[in-house]
Amino acid sequence: MAIRIDEEACMGCESCVELCPDVFEMDADGEKAVVKNPNSTDECVQEAIDSCPAEAISR
Ligand code: SF4
């Protein structure tokens with residue numbers, strides 16, 4: 001399953017980017033996170049899912 005962010009829900013806290021910088025990055029405006037590696041199996045992805053205050057990350 002590909003990792004996805006609900007961009008409507010994302011509040012741009014950057015938590016996922018801090019936890020998992022190889023998978024998530026902020027968009028050009030720095031307002032929303034985007035997935036740059038949707039097929040990552042890195043353990044930090046689950047941490048990011050669990051930490052997202054908007055529950056915006058899924059896979
Ligand atoms: S942790 Fe959630 S709300 Fe925060 S930037 Fe990432 S996807 Fe957006």
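Residue numbers run from 1 in the order of the sequence given. Whatever order the structure lists ligands and atoms in, that order sets their numbers, starting from 1. Note that these values count all heavy atoms, side chains included, but never hydrogens, waters or copies made by symmetry. Because the structure is a prediction, the values reported are computed rather than measured.
Note on Ile5 and Val17: same hydrophobic cluster, where clusters join Ile, Leu, Val, Met, Phe, Trp and Tyr whose side-chain heavy atoms are under 4.5 Å apart, directly or indirectly.
Panel note: side chain Asp27, backbone Glu31; a donor-acceptor pair is recorded below 3.5 Å. For Lys32 (side chain) and Cys10 (main-chain N/O), a donor-acceptor pair under 3.5 Å exists by modelled atom type.
Between Phe24 atom CZ and Ile3 atom CD1 the span is 5.5 Å, to the nearest 0.5 Å.
Protein nitrogen, oxygen and sulfur atoms, that is N, O or S, within less than 2.8 Å of atom 4 (Fe) of ligand 1 amount to 1.
Between Val35 and Arg4, every side-chain heavy-atom pair lies at or beyond the 4.5 Å cut-off.
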What pairs of donor and acceptor atoms, side-chain ones from residues 51-58 against any protein atom, are under 3.5 angstrom apart with sequence neighbours left out?
| residue | atom | partner | partner atom | Å |
| --- | --- | --- | --- | --- |
| Ser51 | OG | Glu47 | O | 2.7 |

